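Worksheet: the structure to be examined is printed underneath.
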Amino acid sequence: MSDQPSEPRFPVYIDTRRVFEAESSCSGEIALERLPRLREYLANEQATIRANLQFRIGDYGDKEISGQVSATLQVPCQRCLDPVDLDIEDTVSLALVQNDEQAAKLRPELDPWLCAEIKLQLAELVEEQILLSMPIVCKHSADECQQQMNYTGAASDAEPVTPERNSNPFAVLEALKKSD
Ligand SMILES: [Zn+2]
């Protein structure tokens, strides 16, 4: 199925009963088809998403998930709609919890990842981490943006628009009514 045999396949899910005690890890590229929420934000399908994750029981007994996520992708510029390159890289510091009560007890340096199932879907976790790291506003820099010239031009040249009384369509309607 994979076109790139050199890249290790990222597992679809892990077994939460085993990986922490076994101190398992996994790394590789995650196909965009498995990241539907992230895909909605993209300008095109030219995206590479990678993750490496380690699972262990932490010193305080938490089921810790640590590692990195990275993404190279393109999103539409919020000014001109042409694609903008984005490189995202973030560290993962999560702990698996089964309910809100467990989440509330976590040390502040760990974010809870709620999963009461045996199978933890990894793409979902990676997707969420990348979405959290995406900038809120994505725009080209001023010199690269297609719309930049138009915008600054409009802003500096534009005079405030004040409609003339005679051109007011309601005034015309009023006049028509009166002539009835
Ligand atoms: Zn732009």
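Small disclaimer: the values here were computed from a predicted structure and weren't measured. Atoms considered below: every heavy atom in the structure, side chains included; atoms not considered: hydrogens, waters and symmetry mates. For ligands, and for the atoms within them, numbers begin at 1 and follow the listed sequence.
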- For the pair Gln74 and Asn44, evaluate side-chain hydrogen bond (donor to acceptor under 3.5 Å, both in side chains) and give the outcome as yes or no after the intermediate values. CA-CA 7 Å; Gln74 293 189 320; Asn44 52 48; 2.6 Å; yes
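The two residues Ile49 and Ala47 have their closest heavy-atom pair at CD1-CB, 3.9 Å.
Follow the hydrophobic side-chain contacts under 4.5 Å out from Val126 and you never reach Tyr13; the two are in separate clusters. Under the 4.5 Å side-chain heavy-atom criterion for grouping Ile, Leu, Val, Met, Phe, Trp and Tyr, Leu106 is not connected to Leu53 through any hydrophobic cluster.
For the Zn ion (ligand 1), protein N, O or S atoms under 2.8 Å: 4 in total.
Between Glu124 and Arg37, none of the side-chain N atoms (NZ, or NE/NH1/NH2) sits under 4.0 Å from a carboxylate O, so this pair counts as no salt bridge. Comment: Arg107 engages Glu109 in a salt bridge, judged by a side-chain N to carboxylate O separation of less than 4.0 angstrom.
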